[in-house]
Amino acid sequence: MSDLDTFRMEARTWLEANCPAEMRTAETSDKDACWGGRNFKFKSEAQKVWLERMVAQGWTVPTWPKEYGGAGLSRKEEIVLLQEMKRINARNPLSSFGIWMLGPALLKFGNEEQKAEHLPPIARGEIRWCQGYSEPGAGSDLASLKTKAEDMGDHYIVNGQKVWTSYADEADWIFCLVRTDNTGKKHHGISFVLFDMASEGVEARPIKLISGRSPFCETFLTDVKVLKKNLLGEEHKGWSIAKYLLTHEREMIGGGNEAARPLHELAAGSLGLEDGKLADPMLRAKIAEAEIDEWAFNLTMKRKLAEAKAGASLGADSSMLKYYGTELNKRKYELMMDATGHEGLEWESDRSNDGKMARSWLRTKGNSIEGGTSEVQLNIISKHILQLPGA
Amino acid sequence: MSDLDTFRMEARTWLEANCPAEMRTAETSDKDACWGGRNFKFKSEAQKVWLERMVAQGWTVPTWPKEYGGAGLSRKEEIVLLQEMKRINARNPLSSFGIWMLGPALLKFGNEEQKAEHLPPIARGEIRWCQGYSEPGAGSDLASLKTKAEDMGDHYIVNGQKVWTSYADEADWIFCLVRTDNTGKKHHGISFVLFDMASEGVEARPIKLISGRSPFCETFLTDVKVLKKNLLGEEHKGWSIAKYLLTHEREMIGGGNEAARPLHELAAGSLGLEDGKLADPMLRAKIAEAEIDEWAFNLTMKRKLAEAKAGASLGADSSMLKYYGTELNKRKYELMMDATGHEGLEWESDRSNDGKMARSWLRTKGNSIEGGTSEVQLNIISKHILQLPGA
Amino acid sequence: MALVLNEDEVMMRDMAQGFFAEKAPVKALRVLRDTQDETGFDRALWADMAGMGFAGIVVPEEHGGVDMGYLAAGLVAEQMGRNLTASPFLSTAILAATALKHGTDEQKSEWLPKIASGKAVIALALDEGVKHNPRGTATTAEPSGNGFKLNGSKAMVVDGHVADVMIVAARTSGEAGDAEGISLFLVDPKSKGVATERTIMVDSRNAARIDLDDVEVSGDALIGTLDGGMAVLDAVLTAGRGIAAAELLGAGAQAFEDTVAYIKERKQFGQIIGEFQALQHRSSHLYSELEIARSAVIGALTALDEGDEKASAYCAMAKAKLGSVAKLASQEGVQMHGGVGMTDEYDIGLFMKRIRVLQELMGDAHYHMNEFAVANEF
Amino acid sequence: MALVLNEDEVMMRDMAQGFFAEKAPVKALRVLRDTQDETGFDRALWADMAGMGFAGIVVPEEHGGVDMGYLAAGLVAEQMGRNLTASPFLSTAILAATALKHGTDEQKSEWLPKIASGKAVIALALDEGVKHNPRGTATTAEPSGNGFKLNGSKAMVVDGHVADVMIVAARTSGEAGDAEGISLFLVDPKSKGVATERTIMVDSRNAARIDLDDVEVSGDALIGTLDGGMAVLDAVLTAGRGIAAAELLGAGAQAFEDTVAYIKERKQFGQIIGEFQALQHRSSHLYSELEIARSAVIGALTALDEGDEKASAYCAMAKAKLGSVAKLASQEGVQMHGGVGMTDEYDIGLFMKRIRVLQELMGDAHYHMNEFAVANEF
């Protein structure tokens, strides 16, 4: 028996013994997720117990070093752990931008003191993080950000406005891009800082979207004091950290949004069949086309992953995946709306699960905007892959 | 009875008496057209008689002044004449770039001597003209043309190369853009000159296209002598004449290419029906979509014409019509190829009328290139209609 | 076919333009939505619209209307589309008025003046499944006494929850799927057995579900002939599709113009984003589509006014084309607005919502493409 | 499913790349075309290809092949697509070899070694109407003596006019439209009653019409079971579609790369046209489509090699996707080349022609989209 097989049996045994039955059911909505943080209210005792037990194992962040709250697992062991969790349908114990985004950046760019201070509370779900990147004047062109951090010796004074800050109203700390130097090119003079959302001068307001309520906020920063020990990486050189995280984010958005049920089943259920064929022959054609594209796209995700494992760098192909995946997802939701007709257009009713179809459809329109617009991805492909002049 | 009604009766009587029976049948191919010129060989006695009689009436160029070989008709009378010709299915007596393109420019920009010299032979079909615009390095960017005309006092010496010169190998004279000044912006320093294709130093070679034989030629100009009296308009200011003619050409290409038979009939004939529906349900959807677009596009041609008659200027909307019409035509031919399957792919056989379907399909690909590419039309719309910055 | 507006039509358009921009701009819809207004439109506005002649725009003069025809009605609808104006124009002034022109003299005398004066709101209760399908009508009307007894369920009944009377399509013979055997009835929503539920839709406009449980109507409630309701419905839907296409044109054109204005202002990468050629070409393509679409609307409504035998086909084709083009305009609009296009604060999302509903009403693009193919026997 | 090439496969690809670029580049096709070559391919090249193992690439080793499987065959086909190489690879090495693997021991022993060694050219005579439609087979094979008598007409028979033997699909029971009742026969083209006409197609490659007039074949000419030919045909067409998709990938990718190279050089308006953002975005979109398409080809052929039960569906899906994507690549290619893209002098038009024919062979994108829907019961 290989080491990996041994690990698999141990994991299986532990999970069987420690995952509460209630945590082995599918989440029914976003609200079922455990996000942790100072103000988080557990939905159930089982949710709390499940988090505590996983934290004790170091399995909220399995590949992180043990000293920072992880279990020091290899990538292969992590995959085995995830497979075993999936086997019993175990819920993710902790959803966290700290784990998904800041953690990897801290591990790569942080100094020893920063890692020791911030990583363990992330692993334990004690501190919830949000991301302060976009600004009203700096969306696709993130590097033109203006939020200013003035050097006051041992600290900065930060002034400015961030937008699209997910869960800023619920987060404890923020990792944030600020401008520390105005004199050079726009990609220089950006610094990557961390601060407590409870600091004086921080105000977060939720943004209402076309799809309704959203986790996004506008965040206003007025004379916020940020200690210099909370500067990640070198001063003025935060852009390289930001880019590292953006690539991460792009990969998450590109592949994340698979509808559970094939489009054609939804359509057949909604419209019915005539002589075995979807009652709307035009829609039938478009669904077939979209599903073939989806199959080929999913294969591409797998292929690029396999190539990356084999040592090739994904590079700018992450832009291709992000572009294609989000545009395809938008197409799919348009077709779902076509298939569900009047019912899909309902906005507020039990029958429509509070307008779930319509809201999801509208929400997908943001897929090709957030994390770098489709236009930006196409620019990146033109420049880095096709090497077209002036791109 | 209005004057117009009187004219209609006169025209009807004359046409009945003078149009030979043979000239009242549809042309079966491009080869049936009468192009005139020094070297033209009439296909039949009837074709020759028909031209001579129409020339005598001034009806090859009905709206031109009588002194230049026209009949001095009003636009409304011309429309009546065309209606009456159509009524008896009379063929066009004379196809001519001299009539369609150079003539209007001569009338607008020519001096008295030039009009007297060139217009009558055009009206009589004695001199056949071709157009020397594009160059290998100047396609969409026509104004960057390099063919050079050196000032030698009373004449120019022209050197350079033209391309896409339709029927250069059969034409008698050419109207041609040349550069007389190199020092300013590219739109300046262009002059519009006329010369005999029999001049020493002129050589025309036909170009083979992807669709097979074509009327297009490459034309090489080596030390060609052009008298200054053959300069149309002012020296260095030929661009305004060129633009005037380009708008003309755009309108011709945008609307010209209607297939006689509805797409769905072609498809039904080729594929057959199942339960009353086209055997290929996917193609059926696309044909319905294309035919609805075609209906709306044809209405748009009519609407813009009506608006122009009502006094509005067509302006940059000619670019919209050219863009939409040619792209739609390409779509239609793709669908025809889909509908005709293997048969449409044949290239050389009696069965396929020498590959007419495939050659026509390939030829349509040039629609969105010649007369200003689709990209150029979109640029024009962006700039002149939408007034987008930097367009 | 005249494809250029004449003087009267230009005047009507300009009048409507000024009226809606002043009285019922987009923010008026926001107020109705955010106050959860129970009527779903502004009754004072509707009275004003009647005063302008809009409510009676296709009602004959003898019944108190201005009888200006469907092209003129389309010019009004276009401006409503541009302003996202909520009103019973489509349900009452177009669908119901067209239906009642096929009614008995008594029905005309009773209802057409009330339509023209803005005193009655009338809803068409037709669709039952999730998609438009007139032939699929399964609601039944069985003979009962001197009249009929109706049973069934209707969905997406525009203005159904505030209607003074409804026009209900029900089957008096044949089976769901048959064109024959459908009849139209005037039904009082306060009748015993009628249950009305307002359904809040994505566009914040009016729609309702109507349940009919042994609802009794008298024999003179029948509009048109028994079993021959499809002929009346064809006329009603032809008009409705043409006018919906006109509203889509207005909404699509406004979404486009808002977007072009936005990209002329917004800066990214140190450039006005409207300078980027990729956005320029997409904008110019959309401009072209909208021009083509405008011709489709004018052509269809002109054909309708001229009594052209192909008017029904043309209105359906216009509805198909506008469904696609307006949708593209809203999609490109949100994308080119970028992040702010996703916020409720900007109007572009409201256009996307209204366009989605309009393109679904009375048959979406796919429906009409299929019908086009059937009508052309392919 | 391994979606990354292993070492052997990389070697095969590199070998094929070098081979075709040297021995059969695009200009070789021009020579065949312009000399009106009667064979339509270069027999010496085919012998060389056999020497390289390409002819026997799916033939078992016991019959003289190298048995490397369909993914490897796809790598060869991709390079042929890039070079527009004319050869009997598709007809003989793929379609016929796959069919004969379902033959009797005698058939295998006789024909598979001849395929692998390049000594026999074998054509599949299947389609009859203008579109691909295996179930529509109407050619009949009636019992006659110890064998059968064939009557009917076949079209678009690739390599039909130079075939040493043909595999003919004919109906032994049932009616056109039935999947059951089709049988496959080996037919000698020199038999009495066989009339062969080469049809010159737009891509200058081989195709023929075959008329069968009381053609007698013996009982042992049957491949597979009587009336059960569709099972063999499914296997044959699955392989053929997968390999045609691979060739389309090569042709589409080369058309794209030629175009990108061209727009990096060509100047208009004082600018390299590749600097125009509109062209950049369209190029980047096409790059994305080609990457997606590549996965479809690799996934389909891998499934085929692994005996995945969905291999048939996957190969059909890959054919559909590649038909669309390669077509887009050729259309964008001609447009971005501008005027010279229309001339015979540049290669881009030749790619457009070949891609059109390939996407038509064995079912176009519409055909496979429809089949996909049928297979998924919608």
Side-chain angles (χ1 to χ4, degrees), chain A residues 262-268 271 273 276-279 281 283-289 291-312 316-317 319-325 327-328 374-375 377-383 385-391, chain D residues 1-6 256-257 259-261 263-265 271-277 279-300 302-303 310 313-314 316-322 324-325 365-366 368-378:
Chain A
L263 198 44
H264 70 261
E265 280 184 21
L266 177 83
L271 300 180
L273 303 177
K277 291 180 182 175
L278 212 56
L283 183 59
R284 179 173 175 267
K286 290 190 185 166
I287 289 177
E289 197 170 30
E291 291 196 345
I292 290 173
D293 283 351
E294 190 178 20
W295 165 75
F297 176 70
N298 289 340
L299 277 176
T300 308
M301 294 287 286
K302 282 183 199 151
R303 178 164 71 90
K304 292 290 168 184
L305 197 69
E307 286 176 5
K309 274 189 189 155
D317 267 342
S319 289
M320 180 272 288
L321 295 172
K322 201 273 178 182
Y323 164 68
Y324 205 93
E327 294 293 338
L328 179 59
S374 282
E375 290 77 13
Q377 308 311 329
L378 292 172
N379 285 343
I380 292 172
I381 295 168
S382 296
K383 180 171 184 172
I385 298 180
L386 306 182
Q387 303 187 308
L388 287 166
Chain D
M1 186 186 285
L3 294 165
V4 184
L5 301 186
N6 64 30
F256 174 65
E257 289 166 27
T259 303
V260 170
I263 67 173
K264 283 181 182 174
E265 297 296 329
Q271 254 183 292
I272 303 281
I273 63 173
E275 288 178 40
F276 288 110
Q277 197 197 30
L279 296 196
Q280 292 182 347
H281 280 201
R282 281 157 56 187
S283 300
S284 295
H285 170 73
L286 187 50
Y287 167 81
S288 306
E289 286 285 8
L290 281 163
E291 278 297 300
I292 305 304
R294 177 175 298 280
S295 311
V297 171
I298 296 177
T302 303
K310 288 193 149 182
Y314 288 163
M317 288 157 79
K319 181 68 168 56
K321 183 68 186 159
L322 269 292
S324 305
V325 172
H366 296 152
H368 291 298
M369 279 157 59
N370 188 52
E371 292 286 310
F372 173 82
V374 170
N376 284 282
E377 299 178 350
F378 76 94

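Residue numbers start from 1 in every chain, and the chains themselves are labelled A, B, ... in the order their sequence lines are given, proteins ahead of strands.
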For chain D, which candidate among [options] shows the most heavy-atom pairs at distances under 4.5 Å?
{"options": "Ala288(A), Ala279(A), Gly390(A)", "value": "Ala288(A)"}
{"options": "Ala391(A), Ala268(A), Ser374(A)", "value": "Ala391(A)"}
{"options": "Lys383(A), Lys302(A), Glu375(A)", "value": "Glu375(A)"}

Taking all non-hydrogen atoms of both residues into account, name the closest pair between [X] and [Y] and its distance.
{"X": "Leu388(A)", "Y": "Gly274(D)", "result": "CB-O, 3.8 Å"}
{"X": "Tyr324(A)", "Y": "Glu289(D)", "result": "OH-OE1, 2.8 Å"}
{"X": "Pro389(A)", "Y": "Lys264(D)", "result": "CD-CG, 4.1 Å"}
{"X": "Thr300(A)", "Y": "Ser295(D)", "result": "OG1-OG, 2.6 Å"}

Check each atom of [X] against the heavy atoms of chain A and say whether the ones under 4.5 Å are side chain, backbone, both or neither.
{"X": "Val297(D)", "result": "neither"}
{"X": "Gln280(D)", "result": "both"}
{"X": "Ile272(D)", "result": "side chain"}
{"X": "His285(D)", "result": "both"}
{"X": "Gln271(D)", "result": "neither"}

Name the region of [X], side chain, backbone, both or neither, that has any atom closer than 4.5 Å to a heavy atom of chain D.
{"X": "Leu273(A)", "result": "side chain"}
{"X": "Lys309(A)", "result": "neither"}
{"X": "Ile385(A)", "result": "side chain"}
{"X": "Gln387(A)", "result": "both"}
{"X": "Asp317(A)", "result": "side chain"}

Chi angles and distances behind the side-chain contact (heavy atoms from CB on, under 4.5 Å) call for Leu299(A), Leu3(D): CA-CA 8 Å; Leu299(A) 277 176; Leu3(D) 294 165; 4.1 Å; yes
Exercise: do Glu265(A) and Asn376(D) side chains pair donor with acceptor under 3.5 Å: no
Contact leader toward chain A among Glu377(D), Arg294(D), His368(D), where contacts are heavy-atom pairs under 4.5 Å: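 If we count pairs closer than 4.5 Å to chain A, Arg294(D) comes out on top.
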Closest-packed option against chain A by number of heavy-atom pairs under 4.5 Å, given Met317(D), Gln277(D), Lys321(D):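 Max contact count across the listed options: Met317(D).
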Close side-chain approach of Trp295(A) and Lys310(D), heavy atoms under 4.5 Å: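 In short, these two side chains do not touch, never coming nearer than 4.5 Å.
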Donor-acceptor under 3.5 Å (Ser288(D) side chain, Met320(A) main chain): no
Arg303(A) side chain to Glu291(D) backbone, donor-acceptor under 3.5 Å: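 Yes: the side chain of Arg303(A) pairs with the backbone of Glu291(D).
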Rounded distance [0.5 Å steps], OG in Ser283(D) versus CD1 in Ile381(A): 10.5 Å
From CZ (Arg282(D)) to CG (Leu378(A)), nearest 0.5 Å: 12.5 Å
With Ala267(A) via side-chain contact (heavy atoms from CB on, under 4.5 Å) - residues at least two apart: Leu278(A), Ile287(A), Ala339(A)
Candidate pair Leu283(A) and Phe378(D), rule side-chain contact (heavy atoms from CB on, under 4.5 Å), full reasoning: CA-CA 11 Å; Leu283(A) 183 59; Phe378(D) 76 94; over 6 Å; no
Full working for side-chain contact (heavy atoms from CB on, under 4.5 Å) between Ile292(D) and Asp293(A): CA-CA 8 Å; Ile292(D) 305 304; Asp293(A) 283 351; 5.6 Å; no
